[in-house]
Amino acid sequence: MHYYPEKIEKKWQQYWANNKTFRAKDPKELANANSPSSGGGQGEAKPPFYVLDMFPYPSGAGLHVGHPLGYIASDIYARYKRLKGFNVLHPMGYDSFGLPAEQYAIQTGTHPAITTVANINTFRRQMDNIGFSFDWDREVRTSDPSYYKWTQWIFLQLFDACYCKNADKAIPISQLVEEFKTNGNKDVNAHCDETPLFSADEWNSWDEAKQQTILLNYRIAYLSEAYVNWCPALGTVLANDEVKDGVSERGGHPVERKLMKQWSMRISAYSQRLLDGLEGIDWSESLKEQQRNWIGRSEGASITFKVMEGASDVRNQMSENGNLNSDVSNLMSEIEVFTTRPDTIFGVSFMTLAPEHELVSQITTPEQKAEIEAYIAKAKARSDRERMADVKTISGAFTGAYAAHPFTGNPIPIWIGDYVLAGYGTGAVMAVPSGDQRDFNFAKHFNLPIPQVIEAPANSLPLGEGQGGAGVYESKDGTLINSDFLNGMKVKDAIKAAIAKLEEMGIGEGKINYRQRDAVFGRQRYWGEPIPIYYKDGVPYPVKEEHLPLTLPEIDEYLPTETGEPPLARAKGWGYDPERGAVSNSPSATVGAGSNSLPFGEGQGGAGEAVYPLELSTMPGWAGSSWYYLRYMDPNNDQEFCSKEAIDYWGSVNYYAGGAEHATGHLLYVRFWTKFLKDLGYLPFDEPAKKLVNQGMIQGRSNFLYRDKKSGKFVSHGLKDGFDVTAIHVDVNIVDNEVLDIEKFRNSREEYKNAEFILEDDKYICGWEVEKMSKSKYNVVNPDDIIERYGADTLRLYEMFLGPLEDAKPWNTNGIEGVSRFLKKFWNMFHAGDTFSVSEEEPTKKELKALHATIKKVQEDIERLSFNTSVSQFMICVNELNDLKCNKRAILEPLTVVISTYAPHIAEEIWSLLGHSESISFAEYPAFNESYLVEDSVSYPISFNGKTRLNLELPASMGKEEVEKVVLANAEVQERLEGAAPKKVIVVPGRIVNIVV
RNA sequence: GCGGAUGUGGUGAAAUUGGUAGACACGCCAGACUUAGGAUCUGGUGCCGUGAGGUGUGUGGGUUCGAGUCCCUCCAUCCGCACCA
């Protein structure tokens with residue numbers, strides 16, 4: 001009987017679905033597991049194991065062969081863990097809010113929910129084709145109100161919390177309010193925006209609006225006026241990780257800085273914990289490094305420089321502003337800088353402020369005003385992109401003002417320059433040209449002094465400008481000179497001494513700075529979770545928990561309004577009544593929590609009803625994905641985001657798989673929310689995943705034809721150098737092992753109908769190149785096509801056989817025949833002609849050895865995620881057993897269990913033919929028995945000076961001395977020695993003999 | 001510039017602790033069977049050489065009886081960050 005994958009695969013996929021074979025058991029069920037009806041054959045005392053894939057955004061393009069790579073590996077791992085006796089949680093869902101469905105809605109008017117469902121159905125069908133062992137009863141969709149109810153709920157927790165630096169965790173905002181009531185904010189050590197000091201009396205005297213405004217400075221989810229990345233083409237703001245090289249990551253549209261009132265997340269409060277947490281988790285080093293980079297911790301000092309009196313008309317400007325007291329004016333005439341090298345403070349010869357620095361206009365002298373303003377205008381006109389692309393051009397301008405050196409009191413000229421970034425540190429630097437390349441370049445360009453303060457160790461070369469002249473020395477290896485009380489100290493000690501002195505003088509302190517900024521959370525888009533906030537007198541208030549979910553209202557068009565408000569502003573009469581919940585007069589809208597949609601007046605707050613406007617921006621794509629792994633544990637809970645019982649039982653994810661492109665986005669946010677939920681006592685762990693695996697990117701592999709420019713004929717690859725040719729892409733699906741299917745090519749397009757070819761060996765050989773997988777390059781391969789031709793088991797095996805999981809590799813269908821043949825051979829071992837037949841005979845030693853070597857190897861391979869080598873081992877085993885003509889149940893049955901992790905359909909079919917009535921998933925991974933691998937004799941390679949010359953078969957039990965004796969007595973060895981005595985003989989028992997002559 | 005990763009046949013790759021480099025496949029070559037085959041089976045296949053043999057894991061050096069594996073140097077490719085003070 002032939003192996004027909006198309007027949008058996010559909011059948012087993014149906015069986016798994018009908019029998020819910022891969023349903024993970026809830027802790028409740030396990031508690032009652034002693035009852036005999038626990039069903040499914042699952043044992044009772046199984047430990048939990050959580051295998052998670054990053055859920056996909058259901059795009060219209062469907063899955064391509066890159067997606068399943070990671071899913072297949074996880075599936076093998078999950079199936080293996082089931083066989084090893086674990087209660088495995090292996091769920092799948094959809095990150096179903098997002099821009100593409102909305103862009104499509106804008107173009108066509110189709111509701112994004114409709115597009116999304118259609119795409120999900122395609123994804124589901126494609127995934128089902130591959131035979132994944134997902135527990136589909138736990139599917140989540142982030143765009144489903146029953147799911148985003150809890151995303152909104154978590155948002156409210158974030159809104160209702162602040163970060164206490166003393167406790168080093170998030171605490172409820174109510175605790176902060178208590179403190180304000182009794183002591184004001186003088187003792188508060190929270191992560192917050194700059195907030196003036198106030199007393200308890202002041203706090204208590206303020207009205208609610210004022211109090212709420214102050215609280216926004218502390219909330220972890222907060223509204224503030226800040227510069228954001230505004231993308232006009234997408235009509236929304238973007239988070240830093242969504243902007244690459246000055247353009248949007250999705251779509252590549254230009255992004256500009258814009259001052260806007262925006263929802264943000266105070267993730268920067270967690271910078272240090274996000275950094276520290278990396279130590280304890282098993283994630284790839286490159287990924288951890290990316291996160292460290294992104295967080296960008298640097299240790300140093302903040303130092304305050306006083307702007308010198310008389311050098312500017314600071315005070316005059318102050319008094320024009322009226323209400324500023326002397327404290328503030330004092331504060332305003334100081335410049336705070338951050339430096340990682342406080343030891344080089346005596347090398348400061350000027351200061352540089354970012355052009356956007358708030359002090360610039362105040363300190364600039366009248367004489368320099370024109371120059372400074374011209375420079376600022378020029379800097380503003382340059383986009384971020386230009387500025388980044390052009391880092392070599394040095395530019396700046398002198399403000400005319402001077403600061404006093406904190407130790408010497410000497411005047412230091414204050415410059416502005418766009419090499420100083422407004423967004424990092426304080427937007428001001430103390431420039432030490434002898435210790436920093438950028439300061440050095442600036443000093444050179446503007447002819448500023450370059451005092452030397454570090455003496456390099458004798459053995460290191462002078463850098464920069466050569467002997468005698470001024471140079472740059474950035475290394476921390478050296479001794480301080482020309483630096484008063486720091487002279488003679490090593491850099492490391494000098495840093496400490498400088499900080500101590502600054503602190504003693506009250507003009508500076510040791511400080512740690514992070515590059516990571518707070519994450520912008522609002523999006524001016526439709527297809528996302530509505531932010532559950534309403535406004536009373538312009539002040540944000542949380543929607544009551546009982547009114548969640550705050551569902552998306554229906555709107556007529558998915559575009560911003562004429563006045564530039566987000567699409568949600570189009571929802572007629574959409575507003576919030578703290579008694580009834582959200583209301584709307586849109587007939588099809590579902591209105592929150594038990595209330596029906598009500599007829600309503602003209603626009604928000606109309607018809608005289610006390611209805612408050614709701615927040616119009618929605619949450620970003622990463623909101624739903626920041627906690628979905630928790631929802632899978634308890635997906636249908638309508639009382640909580642997830643029960644404590646489920647969280648305690650499953651714990652954090654054991655194995656999390658996904659692309660490395662999420663390093664600074666999703667994977668930081670999910671860690672942030674996990675830590676936050678831990679702080680509030682909802683979780684017993686503070687990292688989402690103990691182990692994380694990045695599957696390598698699957699690149700495209702394009703094929704090319706070469707058209708002769710003169711004749712228009714297509715020249716085969718090997719002959720093309722004799723012609724003047726143009727390379728053109730050809731669909732990889734009509735090329736097999738670089739040989740073009742000429743018939744298919746001619747029929748592919750009208751213009752190729754009469755194409756002529758210059759062949760080599762009667763074949764047209766195509767060229768190839770690795771490129772991005774994309775439609776325009778005709779190199780996209782759809783898993784459905786592979787499955788149709790070879791079957792899902794072949795696809796699964798082949799994707800693994802391609803190479804190490806974590807390596808980037810081009811997709812190349814060449815070679816798939818090999819695994820396809822393997823499966824046929826495996827199938828045929830159980831068949832004699834047309835009948836299924838296995839023998840009940842006792843296995844031989846050789847057969848047992850082949851089996852147990854495979855049991856061992858595959859187990860080790862899966863544990864260390866070396867999925868490609870298991871496939872080789874299966875082939876080796878089947879080849880050996882074939883040579884031995886083995887069809888014994890005692891060998892083939894356990895082998896089928898081992899193979900079932902990779903090729904589950906064929907394994908199920910054989911398992912049932914072997915007489916089992918239950919799924920092979922409920923089998924046990926066969927026990928490995930070392931004794932079957934022990935050989936009686938060893939074939940020793942005998943090498944001379946490390947070069948193997950012959951092999952000798954010797955008993956495995958033979959000792960070192962005896963082996964040496966026997967080897968030296970051997971005739972061929974003697975012949976090679978030509979009578980000379982060897983200098984040395986090395987015998988490694990069981991491995992090798994090396995004779996040194 | 002900084003950081004991370006990777007370099008092994010015509011191709012994908014293996015070699016987990018330093019112990020016969022190239023397992024397992026693809027492709028290619030030769031043969032068998034067949035009316036035929038993009039089917040199946042057998043044998044061969046790193047490179048140079050008819051051969052004995054030589055040579056060979058990006059480059060150059062080192063440690064070792066022995067190095068793809070450990071150490072140093074340089075080169076190339078990919079990824080991330082990038083005027084981060």
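Closest to the side chain of K809(A), out of C65(B), A85(B), A13(B), is A13(B). Here the side chain of D418(A) is nearest to one of G66(B), C41(B), C83(B), namely C83(B). Taking every side-chain heavy atom of R789(A) into account, G38(B) is the closest of U20(B), A13(B), G38(B). Across A85(B), A13(B), C28(B), the shortest atom-to-atom separation from the side chain of K763(A) is found for C28(B).
One finds no side-chain N or O of N879(A) lying less than 4.0 angstrom from the OP1 or OP2 phosphate oxygen of A23(B). Listed pair R438(A) / C84(B) meets the phosphate criterion, a side-chain N or O lying under 4.0 Å from OP1 or OP2. OP1 or OP2 of U40(B) lies within a sub-4.0 Å distance of a side-chain N or O belonging to R821(A). For A82(B), the OP1/OP2 oxygens have a side-chain nitrogen or oxygen of R515(A) closer than 4.0 Å. OP1 or OP2 of A85(B) lies within a sub-4.0 Å distance of a side-chain N or O belonging to S298(A).
Nucleotide G4(B) holds its P atom 15 Å from the CG atom of L287(A), rounded to whole Å. Rounded to whole Å, atom P of U40(B) lies 11 Å from atom NE2 of H2(A). Summarising the geometry, the separation between OH on Y798(A) and C1' on A13(B) is reported as 11 Å, rounded to the nearest angstrom. Regarding Y790(A), its OH atom lies at a distance of 11 Å from the P atom of C26(B), rounded to whole Å. Atom CG of D807(A) and atom C1' of A14(B) are 13 Å apart (whole Å). One interatomic measurement links the two molecules: CH2 of W294(A) to P of G4(B), which rounds to 20 Å at whole-angstrom precision. Rounded to whole angstrom, the span from the CZ atom of R949(A) across to the P atom of U20(B) amounts to 15 Å. Atom CZ in R341(A) sits roughly 14 Å away from atom P in C84(B) (whole-Å rounding).
Judged purely by distance below 3.5 Å, without hydrogens or angles, the side chains of S268(A) and D518(A) pair a donor atom with an acceptor atom. Using modelled atom types and a 3.5 Å distance limit, the side chains of D439(A) and Y419(A) yield a donor-acceptor pair. With no hydrogens or angles considered, a side-chain donor-acceptor pair links D861(A) and T869(A) at under 3.5 Å.
For Q437(A), the side-chain hydrogen bond (donor to acceptor under 3.5 Å, both in side chains) partners are N441(A), not counting sequence neighbours.
Note that the OG1 atom of T304(A) and the CD atom of E334(A) stand 5.5 Å from one another [nearest 0.5 Å].
Using a 4.0 Å cutoff on non-hydrogen atoms, the parts of residues 863-876 of chain A near RNA chain B are R864(A), N868(A), T869(A), S872(A), M875(A), I876(A), ordered by number.
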- Task: Could you check F350(A) against F446(A) for ring-ring contact (aromatic ring centres under 6.0 Å, His included), going step by step and ending with a plain yes or no?
- Result: CA-CA 11 Å; F350(A) 59 100; F446(A) 291 107; 8.6 Å; no
- Message: Show, in sequence, the C-alpha distance, side-chain angles and deciding distance for F704(A) and H717(A), and conclude whether the ring-ring contact (aromatic ring centres under 6.0 Å, His included) test is met.
- Response: CA-CA 9 Å; F704(A) 293 92; H717(A) 180 259; 9.7 Å; no
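Take the nearest nucleotide of RNA chain B for E860(A) and for I995(A): the residue whose nucleotide is more 5' is E860(A). Where A808(A) and V988(A) each meet RNA chain B at their nearest nucleotide, the meeting point lying more 5' is that of A808(A).
Looking at RNA chain B, the stems built from 3 or more consecutive Watson-Crick or G-U wobble pairs, each pair with its key distances under 3.5 Å, are B:1-7 with B:75-81, B:10-12 with B:24-26, B:27-32 with B:40-45, B:46-48 with B:53-55, B:60-62 with B:70-72.
Between R515(A) and Y424(A) the shortest heavy-atom distance is CA-CE1, 3.9 Å.
Side-chain N/O atoms of K947(A) and base N/O atoms of U55(B) include no donor-acceptor pair closer than 3.5 Å. At a cut-off of 3.5 angstrom, counting only N and O atoms as typed in the model, there is no donor on one side facing an acceptor on the other between the side-chain of N814(A) and the base of C26(B).
Using cut-offs of 30° and 60° on the angle between ring planes, the pair H666(A) and H662(A) is perpendicular.
Base engagement by D741(A) is indicated by at least one non-hydrogen atom pair under 4.0 Å involving a base atom. Y940(A) comes within 4.0 angstrom of no nucleic acid atom, judged by non-hydrogen atoms across all strands. Backbone-only engagement by P804(A) is indicated by non-hydrogen atom pairs under 4.0 Å involving sugar-phosphate atoms exclusively. Backbone-only contact: L802(A) has heavy atoms under 4.0 Å from sugar-phosphate atoms and none from a base. At a threshold of 4.0 angstrom between heavy atoms, the contacts of K857(A) include nucleobase atoms, whether or not backbone atoms are also involved.
Ion pairing between a basic and an acidic side chain is recognised when a charged N comes within 4.0 Å of a carboxylate O; K824(A) and E817(A) show no such pairing. A salt bridge links K849(A) with E935(A): the distance from a Lys NZ or Arg NE/NH1/NH2 to an Asp or Glu carboxylate oxygen falls below 4.0 Å.
The glycosidic torsion of G61(B) lies more than 90° away from 0, which places this base in the anti conformation.
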